[in-house]
Amino acid sequence: MKGWVRIPALVAVLAMLMSPMASAADAPPTVKLSKSQAGTGGSISVTGGGWRARALLMILICGRSVPSTGVTGGTNSCANADGRAVTTDAEGRFSRRLPVAEPPVPCPCVVHVATVTGAKAEADAIFQVAGHAVEPLPAEPAGGRLSVLTDTRLDGSGGLLTWFGAPPARTLVFTVGNVGTSAVKNPLFQVGTSHGVFAPQWQEQQWRGTIQPGRKARVELPVELAAGAHGDYTVALKYGGKVMAEQPWGVGRPWGVTLFWILVCLVVPAAVFRVGMAVVDRVRPRQSARRRGFRLPEAALRLPGLKPRQEARHALSSPPSTLPWFTPDNDPGTAGRLSAPHDDSPTSPTTPTRKGPP
């Protein structure tokens with residue numbers, strides 16, 4: 001029985017040990033500043049923890065913002081030119097020096113830290129730029145207020161024209177709900193696309209329809225990139241000056257354009273070579289017939305009235321000449337004999353003589 005009692009106790013101890021680790025993993029990322037106030041030209045040390053390991057972060061000083069409401073107006077209210085990038089370590093911590101610069105809008109200000117790629121995460125810390133104007137935050141419009149209820153997604157796919165460099169196009173689909181007290185008619189959204197660490201390029205798109213208080217609606221907005229675009233993009237949705245959602249978009253490389261240029265580099269030189277060879281073949285002199293004429297026998301060339309083919313045929317049909325010592329002798333006394341020398345003298349010492357009767 002004691003063994004069965006020890007098992008629940010061991011489980012309870014393990015649960016107590018694991019609970020701090022789980023709470024630490026679920027805790028939001030944090031940002032701490034070495035100074036809460038500094039003037040332009042100085043610098044502060046920004047540290048943080050609880051971020052994703054090996055994540056790329058962007059650190060900015062933004063105006064007209066507080067940690068409770070976030071950055072109003074997106075990065076347009078931040079000193080983007082003086083921002084700094086940093087990569088977290090294996091434990092999700094970072095430390096970076098940040099120069100103090102005035103944002104383009106009045107304070108209250110914050111130091112805004114957000115992820116550049118991957119899952120979205122952000123955190124803000126209150127900061128005061130000494131000597132910069134301070135104004136109260138703009139009041140939120142009374143009446144209807146929209147909130148994104150579902151995750152955004154991109155519908156659609158690329159076709160053959162996109163493979164050859166046509167502008168990639170998708171449809172941003174999401175569901176919004178009216179959490180205000182009055183109806184929202186024809187809401188005006190802003191859709192922005194960004195590539196890498198660059199700021200989004202915003203375009204206004206109006207959705208036609210009316211959303212009553214407590215109701216929700218499915219919204220579809222077209223999104224299009226430039227021709228030949230490829231790589232990792234981010235599609236952001238803004239309403240009322242506040243970013244409501246972001247959706248990553250991986251665009252494939254238009255390999256058809258690469259294939260086209262490869263074919264051009266192969267076909268054009270081949271065509272130029274063929275045209276050049278045709279021109280050379282047309283302008284060079286014809287010498288084949290003249291060379292064939294020199295090969296004909298000299299006797300055939302002297303025969304009148306024969307064409308070149310007949311001359312060649314006549315030269316082939318003529319009997320071959322014999323050697324001089326095998327030709328018959330023209331002397332009438334030696335007709336029928338070979339031209340080789342003979343000695344038929346009766347006084348030849350090698351010729352036997354025969355005596356007849358007297």
Side-chain angles (χ1 to χ4, degrees), residues 51-60 74-76 78 80-81 83-90 94 114-122 148 150-174 189-207 218-238 243-282:
W51 297 84
R52 191 174 67 252
R54 308 300 181 187
L56 180 62
L57 308 179
M58 179 61 70
I59 307 175
L60 300 171
T75 56
N76 292 332
C78 304
N80 297 312
R84 293 294 183 268
V86 65
T87 303
T88 60
D89 58 13
F94 72 91
T115 55
V116 177
T117 59
K120 181 181 178 181
E122 58 185 12
V148 177
T150 60
D151 294 336
T152 58
R153 71 174 189 272
L154 292 173
D155 289 348
S157 60
L160 182 61
L161 295 179
T162 306
W163 199 67
F164 280 95
R170 297 290 188 274
T171 301
L172 182 64
V173 181
F174 56 95
F189 296 96
Q190 287 182 309
V191 178
T193 56
S194 61
H195 182 56
V197 298
F198 296 98
Q201 301 293 328
W202 299 100
Q203 294 182 353
E204 293 184 350
Q205 298 189 18
Q206 191 170 24
W207 183 76
R218 185 170 182 265
V219 181
E220 298 181 1
L221 301 175
V223 182
E224 187 177 83
L225 301 178
H230 62 277
D232 295 329
Y233 285 81
T234 301
V235 180
L237 176 67
K238 184 190 294 186
V243 178
M244 304 177 66
E246 290 183 345
Q247 178 67 33
W249 182 10
V251 184
R253 182 180 295 273
W255 292 107
V257 178
T258 305
L259 179 61
F260 171 78
W261 286 113
I262 291 175
L263 293 178
V264 167
C265 294
L266 294 177
V267 172
V268 171
V272 172
F273 176 77
R274 294 292 299 273
V275 172
M277 292 302 297
V279 172
V280 171
D281 186 68
R282 182 174 293 274

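Few gaps surround CD on E224; more than 12 heavy atoms of other groups in view lie less than 6.0 Å from it.
Not one N or O on the side chain of E220 forms a donor-acceptor pair closer than 3.5 Å with the backbone of L172. For the pair T88 (side chain) and F94 (backbone), a donor-acceptor distance under 3.5 Å is absent.
Note: M58 CE to N80 CG = 8.5 Å, rounded to the nearest 0.5 Å. Atom-to-atom distance recorded for F174:CZ and R218:CZ is 10.5 Å, nearest 0.5 angstrom. Note that CD of E204 and CD of Q190 are 5.0 Å apart. Values are rounded to the nearest 0.5 Å. Interatomic distance, Q203 CD to F189 CZ, rounded to the nearest 0.5 Å: 15.5 Å. To the nearest 0.5 Å, the span separating CG on L259 from CH2 on W163 amounts to 5.5 Å.
A pairwise comparison of heavy atoms in G231 and H195 identifies CA-CE1, 4.1 Å as the closest pair. Across every non-hydrogen atom of K120 and V243, the tightest pair is NZ-CG1, 4.1 Å. Between P168 and A226, the shortest heavy-atom distance links the atoms CD-O, 3.5 Å. Closest approach of V116 and L57 over heavy atoms only: CG2-C, 4.0 Å. In plain terms, the two heavy atoms of E122 and A114 that are nearest each other are CB-CB, 3.9 Å.
Here V280 pairs with nothing under the side-chain contact (heavy atoms from CB on, under 4.5 Å) rule; sequence neighbours left out. By the side-chain contact (heavy atoms from CB on, under 4.5 Å) test, H230 is found to be paired with R253, P254, residues two or more places apart in sequence or in another chain being considered. With sequence neighbours excluded, the residues satisfying side-chain contact (heavy atoms from CB on, under 4.5 Å) with D89 are E91, R93.
Each of L237, T171, V173, V235 was scored for a side-chain contact (heavy atoms from CB on, under 4.5 Å) with L221, with one residue passing: L237.
In this structure, F260 and W255 have side chains that are not in contact, with every pair of non-hydrogen atoms separated by 4.5 Å or more. Contact annotation: the side chain of W249 never approaches that of D232 to less than 4.5 Å [non-hydrogen atoms, C-beta and beyond]. Between P222 and Q205 the shortest side-chain heavy-atom distance falls below 4.5 Å. For the pair V148/M244, a side-chain contact is recorded, criterion being any heavy-atom separation below 4.5 Å from C-beta on. Two residues are said to be in side-chain contact when any heavy atoms from C-beta on lie closer than 4.5 Å; K238 and W202 meet this criterion. Counting heavy atoms from C-beta on, the side chains of L225 and P167 never come closer than 4.5 Å. Residues I59 and V86 have side chains in contact (heavy-atom distance under 4.5 Å, counting atoms from C-beta outward).
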Requested in this report: Evaluate the criterion side chain to side chain donor-acceptor pair (under 3.5 Å) for residue pair T152 and Q247; output intermediate values, then yes/no.
Outcome: CA-CA 6 Å; T152 58; Q247 178 67 33; 3.2 Å; yes
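Counting only N and O atoms by type, the side chains of E246 and T234 include no donor and acceptor under 3.5 Å apart.
Between R153 and D151 there is no salt bridge, since no side-chain N of the basic residue sits under 4.0 Å from a carboxylate O of the acidic one.
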